[in-house]
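These notes are about the structure you will find just below.
Quick note on labels: first sequence line is chain A, next is B, and so on, each numbered from 1.
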Amino acid sequence: VTHAARLTLERTGAIAVARIAGEVDLSNAASLQADITAGVTNDVEVLVLDLSETEYLDSAGIRLVFGLADAVRRRGQALRLVVPDGAPVQRVLELCRVGDVAPLRPALDDALASL
Amino acid sequence: VGHTRFVEETAETPPGTTLLLYTDGLVERRREPIDRGFERLCDAAVAAQAASVDDLAHAVVSTLVDPATQADDVALLVLRVAHVGAERLSLELPAEPGALAPLRRSLGRYLAGLGMSADEAFALTVAVGEAAANAVEHAYGPTEATFVVEADVVDGEVHVLVRDRGRWRAPRGAGRGRGLELMRALTERADVTQSDDGTEVRLVSRLRAEAVL
């Protein structure tokens with residue numbers, strides 16, 4: 001199985017940043033979601049999903065975002081998304097109204113500043 | 001004023017051909033034979049040949065032009081001869097998730113060859129990805145299943161057909177309806193046809209003539 005995406009998890013205090021570089025589709029969305037969920041411990045207050053380097057994302061990726069939003073909400077944590085203006089995946093995220101469950105910010109700094 | 005001789009040449013430009021027209025400022029550098037400049041241009045253009053004309057122009061300029069040292073002005077025109085229906089894309093792929101990324105690669109090259117902009121190509125690629133993912137998710141039977149993707153240009157529109165021998169399943173569970181929703185939002189027309197032979201999804205996007213300075 002080839003993985004079209006690379007996941008990086010970083011932790012700064014109560015903030016966890018999950019960065020997905022590459023492409024998200026049916027082949028890797030579920031395992032990415034599982035890896036992110038497993039990497040976010042109870043002491044995390046906010047999970048930031050950074051999609052700045054995500055080159056492709058379809059409804060499998062949208063399920064991932066809604067799935068993560070649901071998982072962190074049940075743990076009493078919050079989810080923020082980083083999506084640069086004009087990013088290829090921006091339109092798909094907006095069409096699926098992802099902003100309803102997690103605020104979209106154009107850069108990581110904005111996402112962290114808004115906390 | 002020196003003596004200049006102009007030579008007339010003829011070259012065939014079949015569909016998909018990319019033509020670069022430029023002023024000498026693009027290739028000329030002081031204290032360097034001009035052949036080096038031609039080589040640099042060829043390398044940069046070949047490296048970016050799969051990109052849209054827009055991206056190709058940007059790639060060539062950013063590779064060859066250093067604004068800090070550039071002495072002469074530069075003009076570059078990139079033209080690509082559109083496919084006129086003769087060139088089609090036809091793929092048969094295994095109905096498994098690992099086939100989706102290679103499908104996007106092939107479709108991306110095909111759409112770039114038609115001169116589609118990156119944004120337009122991305123939208124259609126997501127729509128096709130949704131139809132293909134559905135074919136993969138609902139792969140059928142104990143034998144190895146495949147699905148077929150065909151693309152063609154009809155009257156200035158790109159038609160992409162995704163066919164499988166399974167049944168289109170009514171989306172189940174939270175968020176499972178988004179695939180169809182996205183296909184409709186990202187194309188001009190999206191039609192799902194069921195028959196005893198399987199499911200056919202037809203996705204249509206308009207093609208615009210494009211030339212970039």
Side-chain angles (χ1 to χ4, degrees), chain A residues 1-7 20-34 37 49 51-74 79 81 83-102, chain B residues 51-52 54-55 93-108 111-112 116-139 147 162 169 171-187 190 201 203 205:
Chain A
V1 178
T2 54
H3 284 282
R6 201 179 66 255
L7 172 67
I20 300 176
E23 303 179 303
V24 183
D25 65 14
L26 189 62
S27 74
N28 60 2
S31 71
L32 285 168
Q33 185 180 336
T37 310
L49 182 62
L51 301 176
S52 307
E53 293 168 48
T54 308
E55 288 150 18
Y56 177 87
L57 181 143
D58 57 22
S59 66
I62 298 294
R63 279 204 297 278
L64 176 158
V65 176
F66 279 96
L68 277 182
D70 203 37
V72 299
R73 187 180 45 76
R74 277 185 276 116
L79 179 68
L81 300 185
V83 183
D85 281 327
V89 301
Q90 185 181 26
R91 186 168 170 204
V92 170
L93 292 164
E94 287 176 356
L95 281 169
C96 294
R97 293 175 294 278
V98 164
D100 292 354
V101 294
Chain B
S52 68
D54 232 329
D55 291 344
L93 299 155
E96 55 191 42
L100 297 172
L103 164 60
R104 292 196 294 272
R105 267 348 129 250
S106 300
L107 185 66
L111 298 177
M116 239 187 182
S117 74
D119 283 354
E120 292 169 319
F122 187 86
L124 183 54
T125 299
V126 172
V128 172
E130 295 297 342
N134 199 283
V136 168
E137 272 197 296
H138 303 132
F147 67 104
V162 180
R169 306 292 167 85
R172 279 168 304 186
R176 292 280 167 168
R178 278 188 206 106
L180 192 54
E181 220 175 282
L182 278 176
M183 287 195 290
R184 296 213 165 108
L186 295 171
T187 58
V201 180
L203 301 160
S205 286

Derivation of the side-chain contact (heavy atoms from CB on, under 4.5 Å) call for A/Leu57 and B/Val126: CA-CA 8 Å; A/Leu57 181 143; B/Val126 172; over 6 Å; no
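- The cationic atom of A/Arg91 (NZ for Lys, CZ for Arg) does not lie both less than 6.0 Å from the six-membered ring centre of B/Phe122 and within 45° of the ring axis.
- Closest approach of B/Gly98 and A/Ser27 over heavy atoms only: N-CB, 4.4 Å.
- A pairwise comparison of heavy atoms in B/Ala133 and A/Leu26 identifies O-CD2, 3.8 Å as the closest pair.
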Chi angles and distances behind the side-chain contact (heavy atoms from CB on, under 4.5 Å) call for B/Arg104, A/Asp25: CA-CA 11 Å; B/Arg104 292 196 294 272; A/Asp25 65 14; 2.8 Å; yes
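- Residues B/Leu100 and A/Asp58 form no side-chain contact, since every pair of their non-hydrogen atoms from C-beta on lies 4.5 Å or further apart.
- Partner of A/Ser59 under the side chain to side chain donor-acceptor pair (under 3.5 Å) criterion, out of B/Glu181, B/Glu130, B/Arg178: B/Glu130 alone.
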